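Taking it in order: structure first as structure tokens, then the write-up.
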Amino acid sequence: PGTAQAIDTAQNGFALYTNHLNVPVIGVYHWLPTLKVVLLAEIPQVVAFSNLRTIIVSSLIIALVSASVAVLGALYTLQTLNIPLTNLADVARQVAGGDLSQRAKVEQEDEIATVANAFNDMTGQMQTLITNLEERVAERTQALEMRSHELQTAAQIARDASLEQNPSDLLDRVARLIRE
């Protein structure tokens with residue numbers, strides 16, 4: 001059958017067929033036009049395909065192992081990125097809630113650590129600014145209280161001056177109020 005097919009087509013090719021011994025074979029033929037003959041080689045299909053099952057099983061095993069390693073690698077990478085980002089987000093929520101003493105933990109030297117360090121620097125600067133503002137407000141409040149007390153004293157002196165007839169008693173009261 002292989003020879004007949006090669007002669008009929010006058011080309012090169014291959015075919016699966018049963019040979020003259022009734023054995024399923026793979027035939028590969030090559031047409032030689034100058035000689036007008038066919039060169040034919042046959043191999044039993046059992047022999048040709050015997051390693052095919054081993055190759056398919058091996059390929060499947062390699063594919064499954066590769067896919068498993070890829071999935072495990074992806075999960076590890078995801079965890080490596082997810083945990084620091086989750087921790088940074090938690091610290092950011094606490095800082096946004098007003099707890100400026102919180103700082104993000106920096107355990108690695110990567111892009112997430114760079115962001116965490118920048119966040120920590122920003123939080124520290126905010127804490128310093130707020131502390132300075134609170135101190136300035138306290139100083140100004142104290143200055144305003146002092147000024148308010150001085151104005152109350154001046155008002156008291158003015159009231160006493162308008163009511164008191166004796167200058168000596170008035171001077172004693174004014175001196176006492178100023179001293180207080």
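Only a predicted model underlies this, so the values are computations on that prediction, with no experimental measurement involved. FYI, the numbering just counts along the sequence from 1. Below, each value reflects all heavy atoms present in this structure, side chains not excepted, and no hydrogens, waters or symmetry copies.
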To the nearest 0.5 Å, how far apart are CZ in Arg103 and CD in Gln94? 11.5 Å
Could you check Asn132 against Glu135 for side chain to side chain contact (heavy atoms under 4.5 Å, CB included), going step by step and ending with a plain yes or no? CA-CA 5 Å; Asn132 290 342; Glu135 289 172 1; 4.0 Å; yes
Quick one: pull up NZ in Lys105 and CD1 in Ile83 and give me the separation to the nearest 0.5 Å. 12.0 Å
Residues Tyr29 and Ala6: closest non-hydrogen pair is CD1-CB, 3.3 Å
Main-chain N/O of Ile26 paired to Glu42 side chain as donor or acceptor, under 3.5 Å: no
For a quick test of reading the model, state the closest non-hydrogen atom pair linking Pro84 to Ile112 and the distance between them. CB-CG2, 3.7 Å
Anything under 3.5 Å between a donor and an acceptor, one on a side chain of residues 47-75, the other on a protein residue two or more places apart or in another chain? List them.
unit_1 : atom_1 : unit_2 : atom_2 : d
Ser50  : OG     : Val47  : O      : 3.0
Ser58  : OG     : Thr54  : O      : 2.8
Ser59  : OG     : Ile55  : O      : 2.8
Ser66  : OG     : Ile62  : O      : 2.8
Ser68  : OG     : Leu64  : O      : 2.9

From Gln127 CD over to Gln102 CD, what is the distance, rounded to the nearest 0.5 angstrom? 10.0 Å
Mind checking whether Leu32 and Val38 have side chains closer than 4.5 Å, heavy atoms only? no
Judged by atom type as modelled, is there a donor-acceptor pair below 3.5 Å linking the side chain of Ser148 to the main-chain atoms of Leu144? no
Side chains of Gln152 and His149, heavy atoms from C-beta outward: is any pair under 4.5 Å? yes
Atom pair OG1/CD of Thr131 and Glu134 - distance to nearest 0.5 Å: 5.5 Å
Should Met146 and Gln142 count as side-chain neighbours, where that means a heavy-atom distance under 4.5 Å? no
Measuring from Thr86:OG1 to Gln79:CD, what's the distance to the nearest 0.5 Å? 8.5 Å
In terms of heavy-atom contacts, does CZ of Arg176 have more than 12 from other residues, nucleotides or ligands at under 6.0 Å? yes
Leu40 reachable from Ile43 in the ILVMFWY side-chain graph, under 4.5 Å edges: no
Minimum heavy-atom distance Leu100-Thr123, with the two atoms named: O-CG2, 3.4 Å
same_hphob_cluster(Val115, Met126) at 4.5 Å side-chain heavy-atom cutoff: yes
Answer with yes or no whether the hydrophobic clustering places Met122 together with Ile130; edges join I, L, V, M, F, W, Y residues whose side-chain heavy atoms lie under 4.5 Å apart. yes
Does Glu139 pair with Arg136 as a salt bridge, N-O distance under 4.0 Å? no
What are the two closest heavy atoms between Ala104 and Val91, and how far apart are they? N-CG1, 3.8 Å
Which of Leu21, Leu16, Asn22 passes side chain to side chain contact (heavy atoms under 4.5 Å, CB included) with Thr18? Answer is Asn22
Membership question, hydrophobic clusters at under 4.5 Å side-chain separation (ILVMFWY): are Val23 and Tyr17 in the same one? yes
